[in-house]
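Read the structure below first, then the notes.
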Amino acid sequence: MSGGLNPDKGHANGSCNRTACQAPLSCESVHQFMEGIFTGGPRLHYCATCAADFDKWDFRSGDRVRITREPK
């Protein structure tokens, strides 16, 4: 990525939805995403590292876990 947002940001097999990351998702073994109930729109996909960060925050804060995982 050369600055800005990847056009496939947040898409399955695209790039991680976290703007500071945007890692490619094609090598991930599972889809890790937030449903529209949390995003106000479509599913948004994240890399394993960013998804784990969301999990840690949710567990620490006592909030509902936002990341869903399913096989590709």
Side-chain angles (χ1 to χ4, degrees):
M1 180 185 80
S2 59
L5 302 177
N6 285 331
D8 62 359
K9 179 179 174 280
H11 296 273
N13 297 317
S15 300
C16 178
N17 190 60
R18 191 176 261 176
T19 300
C21 177
Q22 295 187 61
L25 301 177
S26 57
C27 296
E28 299 284 334
S29 59
V30 296
H31 289 297
Q32 302 166 117
F33 55 88
M34 279 191 204
E35 293 283 3
I37 189 171
F38 297 109
T39 66
R43 284 182 174 182
L44 297 175
H45 293 258
Y46 296 87
C47 70
T49 301
C50 291
D53 287 346
F54 280 113
D55 288 343
K56 287 179 204 170
W57 173 258
D58 292 341
F59 286 124
R60 192 173 325 142
S61 67
D63 291 336
R64 179 176 167 194
V65 175
R66 296 172 282 174
I67 297 292
T68 301
R69 291 169 176 85
E70 64 185 27
K72 284 188 170 184

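It should be emphasised that the depicted structure is a prediction, and the values quoted were computed from it without experimental measurement.
Across C16 and C47, no two heavy atoms sit closer than the pair SG-N, 3.4 Å. Minimum heavy-atom separation, K72 to L25: NZ-O, 2.9 Å. In this structure, A51 and R69 approach most closely via the heavy-atom pair CB-NH2, 3.6 Å.
Looking only at side-chain heavy atoms (C-beta outward), Q32 and D55 stay at 4.5 Å or farther from each other. Side-chain atoms of N13 and H31, non-hydrogen and from C-beta on, do get closer than 4.5 Å to each other. For the pair T68/R43, no side-chain contact is recorded, criterion being any heavy-atom separation below 4.5 Å from C-beta on.
Think of I37 as one node in a network of Ile, Leu, Val, Met, Phe, Trp and Tyr side chains linked at under 4.5 Å; its network also takes in M34, F38, L44, Y46, F54, I67.
Q22 contributes atom CD, which lies 4.5 Å from atom CG of N6 (distance to the nearest 0.5 angstrom).
Looking only at distances, a side-chain donor or acceptor of K9 sits under 3.5 Å from a matching main-chain atom of N17.
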